[in-house]
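Worksheet: one structure, shown below.
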Amino acid sequence: MNKRVRVRFAPSPTGGLHLGGVRTVLYNYLFAKANGGDFVLRIEDTDQTRFVEGAEQYILDCLAWCGLEPDESTVKGGPYAPYRQSERKELYREYAEKLIASGHAYYAFDTPADLEEMRSKHRVDEHSTVQYDRTTRMHMRNSLTLSGDAVLELLNNGTPYVVRIKMPENETIVFSDMIRGDISFDSNLVDDKVLLKADGMPTYHLAVVVDDYLMKITHAFRGEEWLPSAPVHLLLWDFLGWKEDMPQWAHLPLILKPDGNGKLSKRDGDRLGFPVFAMNWYDPAKNETTTGFREIGFLPQAFTNMLAMLGWNDGTGKEVMSMEELIKAFSIERVHKGGAKFDFEKAKWFNNQYIQQTDNETLAKLALPYVAAQGGHPSPELFLKVIGLIKERCTLLPDFWAQGHFFFETPEIKELPAIQDKWNEAKRSFFESWLSGLELLSVWTDVAIEQHFNDYIAQHGLKKGDAMLPLRIMLVGGKYGPGVFHIADLIGKEETIKRIQTALAQL
RNA sequence: GGCGCGUUGGUCAAUCGGUUAAGACGCCUCCCUUUCACGGAGGAAUGACGGGUUCGACUCCCGUACGUGCUACCA
């Protein structure tokens, strides 16, 4: 019997949504869609000290922007609601107690000071860490060392406690990862992880197992940082008697910083000048905003396509793929084992590719806010024409202003020196006479303007090359942009004449 | 320190025992373009190291090095 495929993305609402997080969502989503399954969003807000107001809504917004909408979530609901772990709090205790009853877990009454003392007392050297495990548990205050009556009394008088898993001794825990193959751990080296905290909330370890079981998750994809705690989760599935229903695991490689080594962090983005979060993230505690890919002008399709290729490819060499193509081609087994360094240049290349294949009407809608923010308010007709003319030189949405501002405002002539260097009376007299000719030109098209220009150049015994660059700088302000006569055509006769006159006055 | 995971050009990477070791980004040169960009044609640049196994290893095995993750009542 084939179970319906169900996957989940389970973030903590603690801050901005990182590149790696989005990629995890993406791989989950692609896998779910490829297999006709469900994609669930579950909010893991079990750490009340790290909870950040607004973070959950932000995650929802990011997924919406990326086009990775969950089938079940805190806002959408679903058959396994609630999808927020804080609202499922009471449910986990039952399983913790079940584990205690079967001897796989125990109560521990140690205070933070007790733990600190234990760690410093048993420490061999400064590099080693002392774990709460088979070697130390019998020296602590817990239901393994205390008598049944003593435990009962502590429980009854409200002494704070946690529930810890009792790791078995001398067992090799093996599981098969869909990306990495067989991985094994020595149970002696894994510590007695806390399952239920003193505040009654479960830790990640208990919550993820219970909820994946209850929500009938069939495949669990998560970051590689979870690999070391996988044996705890495996054992929990076993101890709770759910082994048959355990999802298949896949631990995704990390996204690394471009220079040096290590996991890509928000700080690296700030340092190297690129975003790390999907969308702008406002941190209420620090009262600061971190820039997102959306805001610097990425198209969501380019963003997700780029992320898909960071650690996976279909083997054909094809890189630009729509969501539909990705769904069709994706296979979790082809995800790489090794981490990938993030390359912002490549990311921008993807965006440029998407800008080229997006129609002008859509681009106009996307780019308008960036142009308007700079004071550009072109008519829809002009804007559409300009976009068609300059899109190939635009990588990020704000480039539509940088590459086309001279269509929407009279530009400052920044490169006047470039004209001045070779300026002479012959050129001046050409421009002055061409200007008066221009006033009379009745057909205002790029072809007509250029022909007219050519005629005057010939009459003045100049070479066309002598006047092309000056004309460009007069109209554009710098040495860039589409063909000059095309520009003159679009900005109109009056504006063209005005710009040439202004420039002449400065020479 | 312990444990896990990883390692093909600067970066993303194909290869699944036999190839001149693809392709893309970036970089360089040339062409196109009387600007810039696009486009086109080229170029430089890669299997961490040491042992095996094999007729033959980038590919399989072992070791070393390096990197990285975890080692919390955080996820």
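Residue numbering restarts at 1 for every chain, and letters A, B, ... go by the order of the sequence lines.
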Indicate yes or no: does A:R84 engage A:E56 in a salt bridge with an N to O separation below 4.0 Å.
yes
Sort out the partner of B:A24 for me: Watson-Crick or G-U wobble, both distances under 3.5 Å, none otherwise.
B:U11
A:D212 meets the salt bridge (Lys or Arg N to Asp or Glu O under 4.0 Å) criterion, sequence neighbours left out, with A:R8, A:R42
Using a heavy-atom cut-off of 4.0 Å across all strands, would you classify A:G338 as base, sugar-phosphate, or nothing?
sugar-phosphate
Ion pair check, A:D259 and A:R271, cut-off under 4.0 Å
yes
Using a cut-off of 4.0 Å on non-hydrogen atoms, how would the nucleic acid contact of A:F185 be classed: base, sugar-phosphate, or nothing?
sugar-phosphate
Compute the centroid of each ring, for A:F430 and then for A:Y456, and state whether the two points are separated by less than 6.0 Å.
no
Quick note, A:L189 side chain, CB onward, closest among B:C38, B:G2, B:A24 is B:G2
For A:P253, answer base if it contacts any base atom (sugar-phosphate contacts may also be present), sugar-phosphate if it contacts only those atoms, and nothing otherwise; contact means non-hydrogen atoms under 4.0 Å.
nothing
Nearest listed nucleotide, side chain of A:K346, among B:C3, B:C12, B:G6
B:C12
Below 4.0 angstrom, N of the basic side chain to O of the carboxylate: do A:D466 and A:K427 qualify?
no
Take nucleotides 69-75 of chain B nucleotide by nucleotide from the 5' end and write B, S or -, depending on whether a protein heavy atom sits under 4.0 Å from the base, only from the sugar-phosphate, or from neither.
BSB-BBB
Taking any heavy-atom pair under 4.0 Å as a contact, classify A:S184: base, sugar-phosphate, or nothing.
sugar-phosphate
A:R137 charged N/C atom sitting above A:Y132 aromatic ring, 6.0 Å / 45°
no
Under 6.0 Å between ring centres, would you say that holds for A:H460 and A:F431?
no
Reckon A:K341 touches a base, only the sugar-phosphate, or nothing at all at heavy-atom distances under 4.0 Å?
sugar-phosphate
Categorize A:G311 for me: base, sugar-phosphate, or nothing, with a 4.0 angstrom heavy-atom threshold over every strand shown.
sugar-phosphate
Side chain of A:H336, heavy atoms from C-beta onward: which of B:A14, B:U11, B:C25 has the nearest atom to it?
B:A14
Quick one: look up who B:C3 pairs with, Watson-Crick or G-U, both distances under 3.5 Å, and put none if it's unpaired.
B:G69
Please tell me which of the listed nucleotides, B:A13, B:G4, B:U35, lies nearest to the side chain of A:A340?
B:A13
With nearest nucleotides of RNA chain B determined for A:Q403 and A:I183 from heavy-atom distances, which residue corresponds to the more 5′ nucleotide?
A:I183
Hey, is the side chain of A:N313 poking within less than 4.0 Å of OP1 or OP2 on B:C12, counting only N and O atoms?
no
